[in-house]
Amino acid sequence: MAEKQQIRVRFAPSPTGLFHIGTARTALFNYLFAKKNKGEFILRIEDTDLERSEKKYEKDIIENLEWLGLKWDGEIYYQSKRTEIYEKYIKKLLDSGQAFWCDHTKEELEKEKKEQVALKQAPKHICNRRNKAKQGIIRFHCLDEKITFNDLIKGKLEFNGGLLGDIGIAKNEKTPLYNLSVVVDDAEMKISHVIRGEDHISNTPKQIFLYQALGFDLPEFAHLPLILGSDKSKLSKRHGTVSVKEYGKQGYLPEALINFMVFLGWHPGNEEEIFSLKELEQEFSLEKINKSNAIFNIDKLNWYNGHYIRKMDLDELTKKCLPYLEKETDFEYIKKVVALEQERIKKLSEIGELTKFFFIDKLNYEPELLIWKKMTLKEVKNNLEILQEKLSKTGDFSQKSLARTLSALTEKHGTGELLWPLRVALSGQKASPGPFEIMEVLGKEKTLKRIKEAINNEIKNI
Ligand code: GLU
C-alpha cells in the first residue's frame with residue numbers, strides 16, 4: 001500500500017431500513033478510529049438502490065448519529081449525486097474490455113445456478129455471450145487467481161478468485177452496483193481504512209480485483225466481528241433489539257448506548273467498564289477488537305443505562321424525564337420525585353409508571369393492600385389514626401425529622417405494622433420508595449389527606 005498521509009474512514013450506510021445497533025456500532029468504531037488517529041470520519045449515504053432507499057431512513061440515520069454524538073467531518077456524500085463519477089469509471093472498464101455487457105436473462109441465470117448447485121459446485125456465472133447486446137447488466141471478470149489480504153482484525157485472509165466468475169458491477173452505464181460504487185468512492189475519497197461488518201468479507205476479494213483493474217491503491221481492511229443474540233443466532237428483534245431511535249424513545253441515554261456498543265467487539269485490555277465517548281476517543285484501537293463474535297445482552301445495556309442515570313445531574317435528569325411525566329406540574333416538585341427514583345430506574349420511560357402516585361389527586365388501590373402480614377383491619381385503622389394524630393402536629397416534613405418524630409411510635413407499635421399501612425396509604429403501591437421519602441415530597445397537607453382517605457374510604461370498603 002502506498003503511504004497515505006491522512007487517516008480517513010467512512011461510514012457508508014444504505015438508507016434502506018432504520019438505523020440499528022449493528023450499523024451504529026460500525027459508525028462508532030469508524031468514528032473512534034478517526035478521532036484516535038486525528039483523522040477524518042466521512043459520512044456517505046449509499047443510496048444508489050433507488051427502489052429500496054428512502055428519505056425517511058436517511059433522516060433516521062443522520063438524526064441518530066447526531067443524537068449519539070458521532071459527528072462526521074465535512075459534508076454528507078450521497079452516491080445518488082455522484083453518477084457522473086461512476087459513469088467515467090464504468091466507461092473506462094468497458095473501453096478497456098475489463099467490463100462487458102452480459103445479456104443472460106434472470107431465468108437463464110437461475111437455471112445455471114440450480115444446475116451448479118445440483119453438481120455441488122459453488123454457483124458462479126461466466127458469460128459466454130459477452131457484449132452480444134447492450135442489455136442485461138455490466139459484468140467484470142474476476143481472474144482465476146488467489147487473492148490475499150491482511151485484515152487488521154482477522155489477520156491474513158485468502159480467497160480463490162476462480163470461485164467468483166463474472167460479477168455484476170453496474171445495471172447500466174450510469175448505475176453502478178455496490179461493489180463498484182464502493183471501490184470508486186473509497187478510492188476517490190482517499191479512504192485509508194475500510195472498517196465494516198464481517199458480513200462484507202466476501203465482497204472484499206471482488207473489490208480488490210476492481211481496485212487493481214482501475215489502478216487504485218488498496219486501502220487497509222478491518223472487518224468487525226458479528227453481533228449475535230444470547231442464543232448465538234443472528235441478532236434480530238427476538239433478542240430485544242430495536243432501532244436506535246426506539247432505544248432513545250424508551251429512555252436509553254446516548255452515553256449508555258455508546259458504552260454498551262463499544263464492548264460489542266472491543267475490549268480495553270483491563271477490567272474497566274465505564275468509558276465516555278471522549279475517553280474512548282483516546283483509548284480505542286483496532287488491535288483491541290476481538291476476532292470472535294460479540295453477544296448482545298440487553299441486561300448489560302440496562303446496567304449501563306442505570307449507571308448513567310445515577311451519575312446524571314438531577315436538573316438534567318429531570319428535564320430528560322419530563323416527556324414521560326405530568327408536564328403541568330411544578331418543575332421543583334417533579335425534581336424531588338425524580339430524585340427518589342434516580343437510584344432505581346434503568347430506563348427513563350420507567351419513571352412514569354413508578355411515580356404516577358405523586359401526580360394524581362385520588363389514589364386507587366385495593367384496600368387489602370393496607371394490611372401488613374397478619375394484622376387485623378381494626379389494627380391497621382388504629383395505626384393509621386395514631387399516625388394521623390402525630391403527623392398533624394408535626395411541622396418539619398423532612399425525611400430525617402420525620403424518621404425521628406415517628407421513631408418512638410414505630411418502636412411501640414412495630415415498624416412493619418405502622419409503616420407498611422402508611423406507605424400504602426401514601427402510594428397505593430405494593431412497592432415504592434419508603435414512607436419518609438414520600439412524605440417529604442408530598443408535604444404535610446397531601447400526606448394527611450391520603451391517610452384520611454385510607455381510613456375513611458379504603459378501610460370502610462374492605
Ligand atoms: N452500504 C453498505 C452497507 O450498508 C456499506 C458496506 C461497506 O462499508 O462497504 O452495508
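First listed ligand is number 1; within each ligand, the first listed atom is number 1.
Salt bridge Glu108/Lys111: absent, no basic N to carboxylate O contact under 4.0 Å. Between Glu87 and Lys91 no salt bridge is recorded (no basic side-chain N to carboxylate O distance below 4.0 Å).
Residue contact check: Val182 has heavy atoms under 4.0 Å from atoms 9 (O) of ligand 1. Below 4.0 Å from some heavy atom of His200 lie the following atoms of ligand 1, by number and element: 3 (C), 6 (C), 10 (O). Under a 4.0 Å criterion applied to the non-hydrogen atoms of Glu46, ligand 1 contributes the atoms 1 (N), 2 (C), 5 (C). The contact set between ligand 1 and Ser14, taken as ligand atoms under 4.0 Å from a residue heavy atom, comprises 1 (N), 2 (C), 3 (C), 4 (O). The ligand atoms of ligand 1 that sit less than 4.0 angstrom from a heavy atom of Arg196 are 7 (C), 8 (O), 9 (O).
The shortest N/O to N/O separation between Ala12 and ligand 1 falls below 3.5 Å.
Separation of the Tyr304 and Tyr252 ring centroids does not fall under the 6.0 Å cut-off. Between His307 and Phe260, the distance separating the two ring centers is not shorter than 6.0 angstrom.
Defined by atom type and a distance below 3.5 Å, a donor-acceptor pair is present between the side-chain atoms of Asp231 and Ser233.
Within the 4.0 Å heavy-atom shell around ligand 1 one finds Tyr178. Ligand 1 lies within reach of Arg10, whose nearest heavy atom is under 4.0 Å from it.
Cation-pi geometry between Arg82 and Tyr78 is not met: the NZ or CZ atom fails to fall both under 6.0 Å from the ring centre and inside 45° of the normal.
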